[in-house]
Structure formats: structure tokens, C-alpha cells
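Heads up, the thing below is written out as C-alpha cells.
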Amino acid sequence: MGRLVCFVPKKIVCNSNKPKWMTKRIKRMVNRKSKAWKNYTLNRSMYNLRAFKELQRGLKEQIRLAKRQFELSLADRIQQDPKSFYSYVRSKQHLRSQVGPLKDADGRVLATDMEIAEALYNCFKEVFTVEDMRVPSPTVIYEGEVGDKICSLEITEEMVLSQIKKLKPGKAAGPGGVRPDYIKTLAEEVVTPLTMIFKKSLQEITVPAE
């Protein structure tokens, strides 16, 4: 994890209100329309008005085409990048579901977030059960010929590399904090140590603590 922080560059996230379908051409047209409107406010002639109206119609058409092209590209890449698709869909939802206000057992209205959270906690904790975390000893059951029984499993680097290539880059990082896209990018470098870890795990019948 320490090497990940030291050697993997961080992505700079810039919060911008610019629409995702915005292109340089549309941005230039917006600036031209603003200038045309400013010219019309200074000199309210029919020539300046017609110039503004023409730019306004052209801009609307370009925005419509840009939105359509952007949405089609999201739909085409939904298998590779589903998060961007559903993020755009959620951004188009005008309704946002919210919790509250609620009432407690005495009928008092709970309006603040802290009171609502406390009421939900008290409600759900009553249905929680204490699970038995003891792992039972498995019963060895094998039905078949002795010659067909798998007594050993050999893990090769080719098998591990094949599974690494199937990782989905958009998934979240695991307990170690390493994201799948990092592992996929460094597949050739990490395939050997990962193979050694898997082999040792099978030999010792355990999994690494970290």
C-alpha cells in the first residue's frame, strides 16, 4: 500500500459544471452568440437581431446533435464503462428520494438528520441477530473412482494471467486498496508473485491475513 501511494500518480479531479457533451465547437458558438447579443443590446438593428437569431438556431441544433452523439457513445460503451452510463442517467433524474421526516413511538415528528438516524438505528438493531462465527469442520465426502480424485492442483502463471486480463477496470479496490485497473496494467509484473501466493495458500490451506 505504501508503494502504491509513492509510485502511482494521483488523478486530479476538477469539479466543473460544464456538461459532459460540451465540445470546443459548441463553446465557440456560445461565445459568438453572447457577442452577437451584446452587439444587439448596443445597437438594436434588424441586422444584429437576425445575426443573433441565426447563431441561436445553429447553437440549438449543434447542442441537440452533441447530446445525441454523447448518449450513443455511452450506450456503445456500457459493457466497458457502465459507471459513466448510469452516472449520466442519474444526473437526468429530477426527483431525489429522501428519508424523513419520521415519527417516533410517541408520535413526535423527527426532523433533524441525527434524530432520524437514531430512530432508524433503534428500529433495525431489534431485528439483528448474533451469528455464530465459528467455522464448522467440513465433512470429507467423495463419491467416485480413486483414479478420478483430484489430489493436487497446479496453478500456473498462464492461468493467473488469464484471470487478471478478465478484471473489470471500473470495479472498486479490494481490501488491500489496489484497484483492478492497476493490476491489469501491471499484469506482467505481478503475475509471478501472485502465482507464488496462490500456490503457498493451497499448500498451507489458508489465505493471507493481508
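Residue numbers run from 1 in the order of the sequence given.
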With a 3.5 Å distance limit and no angle check, can you tell me whether Lys184 reaches the backbone of Lys165 through a side-chain donor-acceptor pair? yes
Linked, directly or transitively: Leu186 and Leu167 (ILVMFWY side chains, under 4.5 Å): yes
Please give me the minimum heavy-atom distance between Val191 and Glu157, naming the atom from each residue. CG2-O, 3.4 Å
I want to check something: taking the side chain as every heavy atom from C-beta on, are Phe85 and Arg77 in contact at a cut-off of under 4.5 Å? no
Taking all heavy atoms of Lys168 and all of Pro180, pick out the closest pair and write down the distance. O-CB, 3.6 Å
Of the non-hydrogen atoms in Ser162 and Lys166, which two are nearest, and what is the gap between them? O-CG, 3.4 Å
Value for CZ (Phe52) from NZ (Lys38), rounded to nearest 0.5 Å, stands at 14.5 Å
Before you tell me yes or no, could you show the steps for Glu188 and Leu161 under side-chain contact (heavy atoms from CB on, under 4.5 Å), namely the whole-Å CA-CA distance, both residues' side-chain angles and the distance that decides it to 0.1 Å? CA-CA 8 Å; Glu188 297 295 338; Leu161 185 61; 4.0 Å; yes
Do Asn48 and Leu42 have side chains that get closer than 4.5 Å, going by heavy atoms? no
May I ask you to say whether Arg108 pairs ionically with Glu115, meaning some side-chain N is under 4.0 Å from a carboxylate O? yes
If you look at every heavy atom in Ala75 and Ile78, which pair is closest and at what distance? O-CG2, 3.3 Å
Taking side chain as C-beta onward, heavy atoms only, is Thr156 less than 4.5 Å from Thr195? no
Candidate pair Ile183 and Arg179, rule side-chain contact (heavy atoms from CB on, under 4.5 Å), full reasoning: CA-CA 7 Å; Ile183 300 177; Arg179 289 167 43 183; over 6 Å; no
Under 4.5 Å between side-chain heavy atoms, hopping through other hydrophobics if needed: is there a path connecting Phe198 to Val178? yes
Run the side-chain contact (heavy atoms from CB on, under 4.5 Å) check on Tyr88 and Ser91 step by step: do they pass? CA-CA 5 Å; Tyr88 181 74; Ser91 68; 4.1 Å; yes
Are Trp37 and Ile26 connected in a single hydrophobic cluster, I mean Ile/Leu/Val/Met/Phe/Trp/Tyr linked by side-chain heavy atoms less than 4.5 Å apart? no
Would you find more than 12 non-hydrogen atoms of other residues, nucleotides or ligands less than 6.0 Å from Met159 atom CE? yes
Check Lys199 against Glu154 and note the closest heavy-atom contact, atom names and distance. NZ-OE2, 3.5 Å
Do Gln56 and Glu61 come within less than 4.5 Å of each other through their side chains, counting heavy atoms only? no
Surrounding CD of Gln79 (heavy atoms of other residues, nucleotides or ligands, distance under 6.0 Å), is the total greater than 12? no
Working to the nearest 0.5 Å, report the span between CG of Leu110 and CD1 of Ile116. 6.5 Å
Nearest 0.5 angstrom please: Thr23 OG1 to Leu65 CG, how far? 10.0 Å
Note, Met29 side chain near Lys33 side chain (heavy atom, < 4.5 Å): no
Linked, directly or transitively: Leu72 and Trp21 (ILVMFWY side chains, under 4.5 Å): no
Counting N and O atoms only, with roles assigned by atom type, does the side chain of Asn39 sit under 3.5 Å from a partner on the main chain of Lys35, one being a donor and the other an acceptor? yes
Does some side-chain heavy atom of Leu49 sit less than 4.5 Å from a side-chain heavy atom of Lys53? yes
Sidechain-backbone polar pair: Ser201 side chain, Ile197 backbone, donor-acceptor under 3.5 Å: no
Whether the Asp76 and Ser73 side chains hold a donor-acceptor pair (N or O, under 3.5 Å, no angle test) is what I'd like checked. no
Output the distance between atom NZ (Lys60) and atom CG (Leu55), rounded to the nearest 0.5 Å. 12.5 Å
Leu74-Val89 co-clustered via ILVMFWY side chain contacts under 4.5 Å: yes
Test Glu54 against Arg57 for side-chain contact (heavy atoms from CB on, under 4.5 Å), laying out the working first. CA-CA 5 Å; Glu54 183 177 350; Arg57 286 193 296 268; 4.2 Å; yes
When rounded to the nearest 0.5 Å, the distance separating CD of Gln69 from CD of Gln62 is 11.5 Å
Between atom OG of Ser87 and atom CG of Asp81, what is the distance when rounded to the nearest 0.5 Å? 9.5 Å
